[in-house]
Amino acid sequence: AQVVESGGGLVQVGESLRLSCTVSVFGLNFGRTPMGWFRQVPGKEREKVACIGFSGTSTYLDSLKDRFRVDRDNAKNTLYLQMNNLQPEDTAMYYCAAWRGDGPWYQCRSEDFGYWGQGTQVTVSS
């Protein structure tokens, strides 16, 4: 199983980043699987960023929905997260994961997702 996040980095306040997540998991039909982005800061619990169904319906952490956008390219088995107007509080390790089928995907709870990648670090400097 391979879930690989990329696109993180060090940016200044107000800049943008686009994260990517490529998925290659035996037995997982990416095009029919809801996916999610989550983030975690050391010492804190992992929190949802955004989740997206296989048809493109999406849900966000309320505080992020005006700045972040999740989308997917099912032909490329790739999930994306466009992050605009980044702020220092967005600094975290960002992970993508696939819905395991437990619980409604649109609640975007990390415990309902699996096949976690190694993450990509986003650091926003003021």
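The analysis underlying the following values was restricted to heavy atoms, covering all of them including side chains, and did not include hydrogens, waters or symmetry mates.
- The closest side-chain heavy-atom distance from Ile52 to Tyr80 is not below 4.5 Å.
- In terms of modelled atom types and a separation under 3.5 Å, the side chain of Glu5 and the main chain of Gln118 share a donor-acceptor contact.
- Clustering ILVMFWY residues whenever any of their side-chain heavy atoms sit less than 4.5 angstrom apart, transitively, puts Val11 in the very cluster that holds Trp37.
- By the 6.0 Å contact criterion, CD on Glu89 is enclosed, its count of non-hydrogen atoms from other residues, nucleotides or ligands being greater than 12.
- Shortest non-hydrogen contact noted between Arg100 and Gly114 is CG-N, 3.3 Å.
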**Asked** Step by step, would you call Asp71 with Arg18 a side-chain contact (heavy atoms from CB on, under 4.5 Å)?
**Response** CA-CA 11 Å; Asp71 60 12; Arg18 184 170 173 82; 3.5 Å; yes
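- When hydrophobic clusters are built by joining Ile, Leu, Val, Met, Phe, Trp and Tyr residues whose side-chain heavy atoms come closer than 4.5 Å, directly or via intermediates, Leu10 is not grouped with Leu86.
- Taking the side chain as every heavy atom from C-beta outward, Tyr60 and Arg69 approach each other to under 4.5 Å.
- In the hydrophobic clustering of this structure, Val49 groups with Tyr115; members are Ile, Leu, Val, Met, Phe, Trp, Tyr whose side-chain heavy atoms approach within less than 4.5 Å, directly or through other members.
- Here the shortest heavy-atom pairing between Asn74 and Arg72 reads OD1-NE, 2.7 Å.
- Cluster membership check: Trp99 does not share its hydrophobic cluster with Val70, using side-chain heavy-atom separations under 4.5 Å among Ile, Leu, Val, Met, Phe, Trp and Tyr.
- Within the 3.5 Å criterion, the main-chain N or O of Gly119 finds no donor-acceptor partner in the side chain of Gln121.
- Rounded to the nearest 0.5 angstrom, Leu64 CG and Met83 CE are separated by 10.0 Å.
- Residue pairs meeting the salt bridge (Lys or Arg N to Asp or Glu O under 4.0 Å) criterion with at least one partner in residues 28-44, sequence neighbours excluded, are Arg39-Glu47, Arg39-Asp90.
- Atom OG of residue Ser20 and atom NZ of residue Lys76 lie 9.5 Å apart, to the nearest 0.5 angstrom.
- Contact check for Val25 versus Thr33: no side-chain heavy atoms found under the 4.5 Å cut-off.
- Taking both residues in full, the closest heavy atoms of Ser16 and Gln82 are given as CB-NE2, 3.9 Å, listed atom of the first, atom of the second, then distance.
- With sequence neighbours excluded, the residues that form a ring pair (Phe, Tyr, Trp, His ring centres under 6.0 Å) with Phe38 are Phe113, Trp116.
- For Cys21 against Val3, the heavy-atom pair with the smallest separation is SG-CG1, 3.5 Å.
- Across all non-hydrogen atoms, the minimal contact from Ala98 to Leu28 is CB-CD1, 3.6 Å.
- By the 4.5 Å heavy-atom criterion applied to side chains, Tyr95 and Gln40 are counted as neighbours.
- Distance alone, capped at 3.5 Å, is enough to place a donor-acceptor pair between the Thr91 side chain and the Val124 backbone.
- Judged purely by atom type and a 3.5 angstrom limit, Glu15 uses its side chain to pair as donor or acceptor with the backbone of Gln12.
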**Request:** Test side-chain contact (heavy atoms from CB on, under 4.5 Å) on Trp105 and Thr57 and set out the steps.
**Result:** CA-CA 11 Å; Trp105 69 265; Thr57 303; 4.3 Å; yes
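- Considering all non-hydrogen atoms of both residues, Gly103 and Asp112 come closest at CA-OD2, 3.9 Å.
- In this structure, Asp73 contributes its side chain and Thr78 its backbone to no donor-acceptor pair below 3.5 Å.
- A continuous path of ILVMFWY side-chain contacts below 4.5 Å connects Leu81 to Phe30, so both sit in one hydrophobic cluster.
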